[in-house]
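To start, the structure itself, in structure tokens.
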Amino acid sequence: MSIRKAPKAESQTDFFVPTLYDVGTKDSRSIMDVAVFRLSKRDRRAGEVIHYELSDGHVTVSGGAAGMASVWDYDLVLMAVSHLTEQMNRFREGKAERPSRIFRPHVADVLRFCRRSDGGKQKDDLVETCIRLNTTHVAVQRIKKNSNGKTITVDEGEPLISRYKIIKSDTGKPEYIEIELADWMHREITDGKNPEVLTVHPDYFLIDPGIGRFVYRLARRAAGKTEAKWSFQTIYDRSGSSGTLKKFTENLRKIINSNNLPEYSIEEELGNSGPLLVMTYRNSSVRMEDNASPQCTGNSNLHRRHKIEATFSIPNKAKTDACM
């Protein structure tokens with residue numbers, strides 16, 4: 001099975017979370033089409049480097065001494081992106097002030113948002129999550145044309161979160177966390193009138209295998225509300241997997257056999273150069289040619305009645321620890 005059961009607490013308490021968003025602008029496409037995190041729970045990949053060669057440059061992901069950030073660590077970034085997008089929507093409507101890069105959620109709300117159980121170990125794990133996100137560095141090189149039509153190369157890099165702070169209770173357990181989003185993520189959402197963000201199904205958090213999460217993210221961007229086909233080899237290359245292609249293919253076929261990812265039906269098809277993964281939006285009757293350009297749009301909502309109070313701070317109006 002690819003999907004784990006939701007925490008028991010969800011059936012006992014109603015709560016509200018904003019629509020789940022992921023950054024998906026065209027300018028960040030080279031980053032979002034590869035795994036900027038590890039997909040394995042057991043292999044921490046401390047000090048390792050993943051290098052992706054792309055058509056317009058390359059992406060390099062470097063893990064710190066505490067380990068490379070995982071796809072499950074990235075849930076915290078998704079939460080921050082979702083709240084930032086909601087707050088920017090209110091700002092554009094004139095209903096709120098422009099948010100900064102600082103995000104301060106209560107630990108219990110993080111676990112609720114990410115659909116995890118609210119236990120002591122889960123709270124402690126969030127400290128390690130912040131460390132790994134802060135020490136996993138993503139460097140991007142892009143080759144593009146400038147305003148004069150000349151070809152230029154742009155190199156930039158940043159950790160997945162710029163900094164973090166943990167506020168603990170008198171029992172020593174984490175109560176609040178404060179993270180500062182990477183500058184490029186903040187710019188993608190706050191610059192421009194209509195940033196291109198992708199909605200993500202809330203059951204994404206219940207996908208257990210790391211490969212399953214990567215395939216869903218790939219389908220969400222490549223297939224949108226239609227269909228996309230990618231070769232097993234390309235998916236393997238873009239996943240950053242440290243295992244062999246044979247083992248990756250074996251695990252990918254387990255996901256295909258389960259075929260229970262949110263929103264998308266997946267199947268294997270024989271291609272000219274090897275097996276292909278066919279990702280089809282379940283409510284779509286549209287069949288696309290292999291080389292057609294997929295549309296990356298869609299929406300998904302999860303509305304529950306107890307509001308999560310995590311917010312972004314307003315520039316020059318940062319809260320003190322005592323206010324939290």
Side-chain angles (χ1 to χ4, degrees), residues 22-25 27-78 80-81 101 125-144 152-164 179-188 207 209-218 221-222 230-252 255 277:
D22 197 0
V23 180
T25 66
D27 192 45
S28 67
R29 187 72 63 189
S30 60
I31 291 181
M32 305 314 290
D33 279 347
V34 299
V36 292
F37 32 63
R38 60 182 163 91
L39 303 182
S40 172
K41 291 181 179 179
R42 290 178 293 182
D43 185 4
R44 297 172 66 85
R45 307 194 69 170
E48 292 190 22
V49 175
I50 304 174
H51 187 79
Y52 301 103
E53 287 290 344
L54 302 174
S55 60
D56 61 345
H58 61 251
V59 176
T60 303
V61 183
S62 305
M68 185 178 292
S70 72
V71 66
W72 300 274
D73 293 331
Y74 196 77
D75 289 354
L76 180 58
V77 176
L78 286 180
V81 166
R101 292 163 57 189
D125 286 346
L126 281 176
V127 178
E128 297 297 317
T129 285
C130 289
I131 294 172
R132 287 190 293 268
L133 288 171
N134 181 240
T135 57
T136 297
H137 188 269
V138 181
V140 182
Q141 182 186 90
R142 288 192 181 96
I143 301 172
K144 55 186 180 180
I152 60 172
T153 301
V154 179
D155 289 276
E156 58 183 334
E158 229 179 333
L160 290 172
I161 61 173
S162 295
R163 68 173 185 86
Y164 69 92
I179 65 171
E180 183 174 14
L181 268 182
D183 181 58
W184 74 267
M185 284 190 185
H186 188 263
R187 290 198 316 268
E188 297 283 15
I207 302 174
I211 294 177
R213 286 184 166 218
F214 181 69
V215 168
Y216 172 83
R217 289 167 60 87
L218 176 62
R221 287 178 186 81
W230 279 47
S231 72
F232 281 26
Q233 179 69 58
T234 300
I235 297 171
Y236 170 72
D237 292 340
R238 297 291 181 90
S239 73
S241 174
S242 60
T244 63
L245 175 60
K246 181 179 179 181
K247 183 63 178 178
F248 183 88
T249 297
E250 178 184 319
N251 290 331
L252 181 56
I255 305 296
L277 179 67

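Here, residue 1 is the first one in the sequence, and each next residue gets the next number. Computed over heavy atoms, backbone and side chain alike; hydrogens, waters and symmetry mates excluded. Since we're looking at a predicted model, the values are computed, not measured.
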Inset, instruction - State, yes or no, whether a side-chain contact exists between Ser239 and Leu39 at a heavy-atom distance under 4.5 Å. - result: yes
Inset, instruction - Ignoring hydrogens and angles, tell me if any N or O in the side chain of Arg45 forms a donor-acceptor pair with the backbone of Met68 under 3.5 Å. - result: no
Legend entry - Taking every non-hydrogen atom, the tightest pair across Thr153 and Asp155: CG2-OD2, 3.8 Å
Inset, instruction - Locate the shortest heavy-atom distance separating Ile207 from Gly212; write the atom from each residue and the value. - result: CG2-C, 3.6 Å
Legend entry - Closest contact, heavy atoms only, Ala182 versus Pro159: CB-O, 3.5 Å
Inset, instruction - Report yes if some heavy atom in the side chain of Ile211 is under 4.5 Å from a heavy atom in the side chain of Leu252; otherwise report no. - result: yes
Legend entry - Pair Thr60-His51, side-chain donor/acceptor within less than 3.5 Å: yes
Inset, instruction - Compare all side-chain heavy atoms of Trp72 with those of Arg213 and state whether any distance is below 4.5 angstrom. - result: yes
Inset, instruction - State the OG-CZ distance between Ser162 and Arg101, to the nearest 0.5 angstrom. - result: 4.0 Å
Inset, instruction - For the residue pair Pro209 and Asn251, establish whether any side-chain heavy-atom pair is separated by less than 4.5 Å. - result: no
Inset, instruction - Evaluate the side-chain proximity of Phe214 to Ile235: yes if any heavy-atom separation is below 4.5 Å, no if none is. - result: yes
Legend entry - Test item: Tyr52 side-chain N/O and Ala35 main-chain N/O as donor-acceptor pair under 3.5 Å: yes
Legend entry - Side chain proximity check, Leu54 to His58, heavy atoms < 4.5 angstrom: no
Legend entry - Phe248 versus Phe232, closest heavy-atom pair with distance: CE2-O, 4.4 Å
Legend entry - Trp230 backbone acceptor or donor facing Thr234 side chain under 3.5 Å: no
Inset, instruction - Please determine if Glu48 and Arg38 form a salt bridge, counting it only when a charged side-chain N lies under 4.0 Å from a carboxylate O. - result: no
Inset, instruction - Taking Thr136 for its side chain and Ala69 for its backbone only, find out whether a donor-acceptor pair lies under 3.5 Å. - result: yes
Inset, instruction - May I ask you to test the Gln141-Val154 pair for a side-chain heavy-atom distance under 4.5 Å? - result: no
Legend entry - Check: Thr129 main-chain N/O paired with Tyr164 side-chain donor or acceptor under 3.5 Å: no
Legend entry - Test log, rule side-chain contact (heavy atoms from CB on, under 4.5 Å), inputs Val49 and Val61: CA-CA 6 Å; Val49 175; Val61 183; over 6 Å; no
Legend entry - Nearest heavy-atom neighbours spanning Ile179 and Cys130: CG2-SG, 4.2 Å
Inset, instruction - Verify, without hydrogens or angle tests, whether Glu158 (side chain) and Asp183 (backbone) share a donor-acceptor contact under 3.5 angstrom. - result: yes
Legend entry - Heavy-atom side-chain proximity of Ser70 to Asp73 below 4.5 angstrom: yes
Legend entry - Exercise: do His186 and Glu188 side chains pair donor with acceptor under 3.5 Å: no
Inset, instruction - Keeping the roles fixed (side chain from Arg44, backbone from Ala46), state whether a donor-acceptor pair exists under 3.5 Å. - result: no
Inset, instruction - Could you please spell out the steps behind the side-chain contact (heavy atoms from CB on, under 4.5 Å) verdict for Leu245 and Gln233? - result: CA-CA 7 Å; Leu245 175 60; Gln233 179 69 58; 3.2 Å; yes
Legend entry - Where Arg217 and Leu78 come nearest, the two heavy atoms and their spacing: NH1-CD2, 4.4 Å
